[in-house]
Amino acid sequence: MKSQNKNGKRGLIKSLHYLCGVILSVFIAFHLINHLFALDGPEKHIQVMDRFRLVYRHPVVETFVLLIVLFQVVTGIRLIYKRNAVTIAEKIQVYSGLYLSFFLIAHVGAVLSGRYIEHLDTNFYFAAAGLNYYPATFIFIPYYFLAVASISLHVSVIHYLKTGSAGAAIGMATVGMVAAMMIILAFTGNFSWLDIPQPYEQFIRSLI
Ligand code: HEM
Ligand code: HEM
């Protein structure tokens with residue numbers, strides 16, 4: 001009886017993690033597409049972000065997105081405690097989730113403090129500052145690459161565990177890795193390194 005209750009509770013947390021995961025994936029998809037527009041230059045990225053901001057910077061939408069991020073981290077960590085990861089797929093799910101927990105807290109914390117404490121416009125140059133400044137780039141390249149890789153691994157493993165289709169899962173993960181690489185290339189001017197406006201450079205120098 002006790003284990004039935006436990007399973008029921010785990011089932012509820014898993015269902016809520018699933019539902020919020022699907023909702024958050026919509027934001028993440030638009031967010032990453034926005035970053036891919038940087039392949040056409042910083043101005044294009046900022047132009048597209050200005051449009052997307054009309055939706056996700058609306059106070060109701062933004063509060064909702066930020067609460068879901070927090071909820072996803074809390075429920076994800078609870079699921080890890082309850083999950084006995086045995087297969088490689090299950091282990092990838094757990095480790096990608098762990099990296100996402102770290103990244104989401106660090107990334108959203110940085111964006112909010114950049115905006116409200118440093119009074120910066122957290123646009124293309126906010127992310128590019130760390131990626132183009134030596135030696136911070138050695139931290140920020142893996143930091144952003146692993147974020148995009150982790151979300152695509154997390155989602156492709158779920159697809160594999162639910163459908164058993166390894167081919168489709170590997171395909172999804174590969175698309176994610178290529179997108180991660182393209183974002184890094186776009187934000188560093190194909191590793192030719194970009195000039196960063198003074199306030200952003202100062203911000204990153206104060207950190208590292
Ligand atoms: C960033 C956004 C995230 C999305 C979009 C997402 C999405 C999902 C989805 C759709 C599932 C499948 C649930 C099911 O099988 O019905 C899942 C499972 C899981 N997620 Fe996440 N997740 C995210 C973040 C996290 C984080 C931050 C963690 C860990 C700290 C985490 C840990 C897990 C674990 C352990 C499972 C397996 C649950 C189980 O089968 O027992 N997830 N995730
Ligand atoms: C898994 C990958 C990622 C997730 C889940 C994620 C999530 C988020 C979230 C939740 C926000 C806050 C949005 C809000 O204000 O409500 C945000 C903002 C931001 N992110 Fe990410 N992010 C990811 C990857 C990246 C990458 C790869 C970059 C750049 C290289 C980046 C750059 C930014 C910037 C510049 C903002 C500020 C947006 C604004 O001020 O309008 N993100 N991100």
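Numbering of ligands and ligand atoms starts at 1, following listing order. Because the structure is a prediction, the values reported are computed rather than measured.
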Take Leu98 and Phe102, measure what side-chain contact (heavy atoms from CB on, under 4.5 Å) needs, and give me the verdict at the end. CA-CA 7 Å; Leu98 278 176; Phe102 154 73; over 6 Å; no
Short side-chain to backbone donor-acceptor contact, Thr137 and Leu131, under 3.5 Å: yes
Under-4.0 Å heavy-atom contact with ligand 2, by part of Leu24 that carries it: neither
For Arg83, the ligand 1 atoms with a heavy-atom partner under 4.0 Å come out as 37 (C), 38 (C), 39 (C), 40 (O), 41 (O)
For the pair Asp50 and Arg57, find out whether any cationic side-chain nitrogen is under 4.0 Å from an anionic carboxylate oxygen. no
Looking at ligand 2, is there an atom of it that comes within less than 4.0 Å of some heavy atom belonging to Asp121? no
State which residues pass side-chain contact (heavy atoms from CB on, under 4.5 Å) with His159; sequence neighbours excluded, sorted by chain then number. Thr163, Ala168, Met172
With sequence neighbours left out, the residues meeting side-chain contact (heavy atoms from CB on, under 4.5 Å) with Ala128 are Phe124, Asn132, Phe187, Ile196
Contact between ligand 1 and Glu90 is defined here as a heavy atom of the residue under 4.0 Å from a ligand atom; is it met? no
Please give me the protein atoms (N, O or S only) lying under 2.8 Å from atom 21 (Fe) of ligand 2, ordered by chain and number. His31 NE2, His107 NE2
Do Phe30 and Met49 land in one hydrophobic cluster if side-chain heavy atoms of ILVMFWY residues count as linked below 4.5 Å? yes
Min N/O separation Gln93 to ligand 1 under 3.5 Å: no
Answer yes or no for Phe103: is there a heavy-atom contact with ligand 2 below 4.0 Å? yes
Is it the case that one hydrophobic cluster holds both Phe126 and Ile117, taking links as side-chain heavy atoms less than 4.5 Å apart, direct or via other members? no
With under 30° as parallel and over 60° as perpendicular, where do the rings of Phe138 and Tyr134 fit, or are they tilted in between? perpendicular
Answer side chain, backbone, both or neither: which part of Phe27 comes under 4.0 Å from ligand 2, heavy atoms only. side chain
Return yes when Tyr144 approaches ligand 2 closer than 4.0 angstrom through a heavy atom, no otherwise. yes
Min over Thr75, Val22, Leu79 of heavy-atom distance to atom 34 (C) of ligand 1 lands on Leu79
Numbering the atoms of ligand 1 from 1, which are under 4.0 Å from a heavy atom of Ile80? 29 (C), 30 (C), 35 (C)
Do the ring planes of Phe103 and Tyr99 sit parallel (below 30°), tilted (30 to 60°) or perpendicular (above 60°)? parallel
Min side-chain heavy-atom separation Ile23-Phe64 under 4.5 Å: yes
What part of Ile151, side chain, backbone, both or neither, has a heavy atom within less than 4.0 angstrom of ligand 1? side chain
For residues 145-157, which side-chain donor-acceptor pairs fall under 3.5 Å, sequence neighbours excluded?
| from | atom 1 | to | atom 2 | distance (Å) |
| --- | --- | --- | --- | --- |
| Ser150 | OG | Leu146 | O | 2.6 |
| Ser152 | OG | Val148 | O | 3.0 |
| Ser152 | OG | Ala149 | O | 3.0 |
| His154 | ND1 | Gln93 | O | 3.2 |
| His154 | ND1 | Ser96 | OG | 3.0 |
| Ser156 | OG | Ser152 | O | 2.6 |
| Ser156 | OG | Leu153 | O | 3.3 |

Within-shell test, Leu161 vs ligand 1, heavy atom, strictly < 4.0 Å: no
Would you say Phe124 contacts ligand 2, with heavy atoms under 4.0 Å as the rule? no
Give a yes or no on whether Leu54 atom CG has more than 12 heavy-atom contacts from other residues, nucleotides or ligands under 6.0 Å away. yes
For the ring pair Tyr143 and Phe140, is the centre-to-centre distance below 6.0 Å? yes
Atoms of ligand 2 close to Leu104 [distance to a heavy atom under 4.0 angstrom, numbered from 1]: 5 (C)
Where the closest heavy atom to atom 27 (C) of ligand 1 is concerned, which of Cys20, Gly97, Gly76 has it? Gly97
Select one of side chain, backbone, both or neither to describe which atoms of Ser101 lie under 4.0 Å from any atom of ligand 1, heavy atoms only. both
Please tell me if the side chains of Leu70 and Val73 come closer than 4.5 Å, counting only heavy atoms from C-beta onward. no
Give the atoms of ligand 1, by number and element, whose distance to some non-hydrogen atom of Lys162 is under 4.0 Å. 14 (C), 15 (O), 16 (O)
One finds that the ligand 1 atoms under 4.0 Å from a non-hydrogen atom of Ile77 are 29 (C), 30 (C)
Short list, please: which atoms of ligand 2 are under 4.0 Å from a heavy atom of Thr122? 35 (C), 37 (C), 38 (C), 39 (C), 40 (O)
Selected option - heavy-atom contact closest to atom 39 (C) of ligand 2, from His58, Glu62, His154, Arg53: Arg53
Surrounding CG of Asp121 (heavy atoms of other residues, nucleotides or ligands, distance under 6.0 Å), is the total greater than 12? yes
